[in-house]
Amino acid sequence: MRSRDPRRGDAQQNEIYRHSNYYDDEYYADEYNSSEYYGDDARYGTSPRRAGIVVRAARVLSGIVTGAVLVLMLVVCGAHYLGSERDFPGPGTETVAAHVAAAVVAVVAQVFADRRRGPISVLAAVVVVFTASILLFTQWWG
């Protein structure tokens, strides 16, 4: 089959986009490519660099610890609920509040660690591990 030629107006318009620096305009770059991954000096078509091994390992470790803190919170909340329903002593309200607060801090810090790059990501991962260790020392081993 023969393909039809584009209309003259479309062909001229395509030439404008193809052979000009239309996409290098400052308004185009700010509006469509502004994020934490693209700096002002970044060229189009380049992908952001992958995080280093230390940052990725810290994220993995803090993700596992965040999951463990969430599981502990669910276990303590469940034990508190069952204890109050069946009239046996369970964890108190302070313990439940400590677990919920630690879970909130861990999840927020983990999301922050996952969305940032570099040393700030490692610092957020350290906050997750530190929060979990404080929770374990004060509520489980204290």
Side-chain angles (χ1 to χ4, degrees), residues 1 3-7 9-142:
M1 281 182 97
S3 65
R4 292 178 35 175
D5 290 336
R7 287 185 244 150
D10 290 342
Q12 289 173 350
Q13 190 69 20
N14 287 340
E15 291 297 318
I16 291 171
Y17 291 128
R18 197 174 314 146
H19 295 295
S20 71
N21 57 0
Y22 176 79
Y23 294 107
D24 289 335
D25 188 19
E26 66 180 292
Y27 298 110
Y28 184 85
D30 288 343
E31 184 178 351
Y32 297 109
N33 290 323
S34 60
S35 71
E36 66 183 10
Y37 296 113
Y38 297 101
D40 290 337
D41 56 346
R43 298 305 321 154
Y44 307 110
T46 60
S47 61
R49 286 188 9 208
R50 189 173 181 183
I53 189 74
V54 174
V55 174
R56 287 185 288 159
R59 286 181 190 162
V60 167
L61 178 67
S62 65
I64 292 169
V65 171
T66 301
V69 168
L70 287 173
V71 168
L72 284 176
M73 181 199 67
L74 291 175
V75 166
V76 168
C77 288
H80 180 72
Y81 174 74
L82 288 176
S84 65
E85 289 293 315
R86 299 196 177 154
D87 293 331
F88 70 88
T93 306
E94 296 156 354
T95 301
V96 173
H99 279 80
V100 169
V104 168
V105 169
V107 168
V108 168
Q110 181 62 37
V111 169
F112 190 81
D114 287 339
R115 292 185 180 178
R116 300 286 185 220
R117 299 178 62 170
I120 195 75
S121 177
V122 175
L123 182 65
V126 168
V127 167
V128 170
V129 174
F130 180 74
T131 302
S133 63
I134 293 297
L135 178 71
L136 289 176
F137 282 124
T138 59
Q139 301 298 317
W140 288 88
W141 299 325

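Keep in mind the model is a prediction, meaning the values are calculated, not measured.
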Engineer: With rounding to the nearest 0.5 angstrom, report the CH2 to OG distance, Trp141 to Ser133.
Structural biologist: 8.5 Å
Engineer: How about Val69 and Thr131: do any of their side-chain heavy atoms sit closer than 4.5 Å?
Structural biologist: no
Engineer: Does atom CZ of Phe137 have more than 12 heavy-atom neighbours from other groups under 6.0 Å away?
Structural biologist: no
Engineer: To check you understand the geometry: which heavy-atom pair defines the closest contact between Ala109 and Val127, and what is its length?
Structural biologist: CB-CG1, 4.0 Å
Engineer: Which pair of non-hydrogen atoms, one from Gly63 and one from Gln110, has the smallest distance, and what is that distance?
Structural biologist: N-OE1, 3.2 Å
Engineer: Name all residues meeting the side-chain contact (heavy atoms from CB on, under 4.5 Å) criterion together with Val96; count only those two or more places apart in sequence or in a different chain, and write none if there are none.
Structural biologist: Val76, Cys77, His80, Val100
Engineer: Closest heavy-atom contact between Arg59 and Ser121?
Structural biologist: NE-OG, 3.1 Å
Engineer: Looking only at atom types and distance, does a side-chain atom of Thr95 sit under 3.5 Å from a main-chain N or O of Pro91, one as donor and one as acceptor?
Structural biologist: no
Engineer: Measuring only between side-chain heavy atoms, which start at C-beta, is Trp140 closer than 4.5 Å to His99?
Structural biologist: yes
Engineer: In Å, rounded to the nearest 0.5 Å, how long is the span from CZ of Phe130 to CG of Leu135?
Structural biologist: 12.0 Å
Engineer: Any side-chain heavy-atom pair from Leu136 and Leu72 closer than 4.5 angstrom?
Structural biologist: yes
Engineer: What's the shortest heavy-atom distance between Ala58 and Ala125, and which atoms?
Structural biologist: O-CB, 3.5 Å
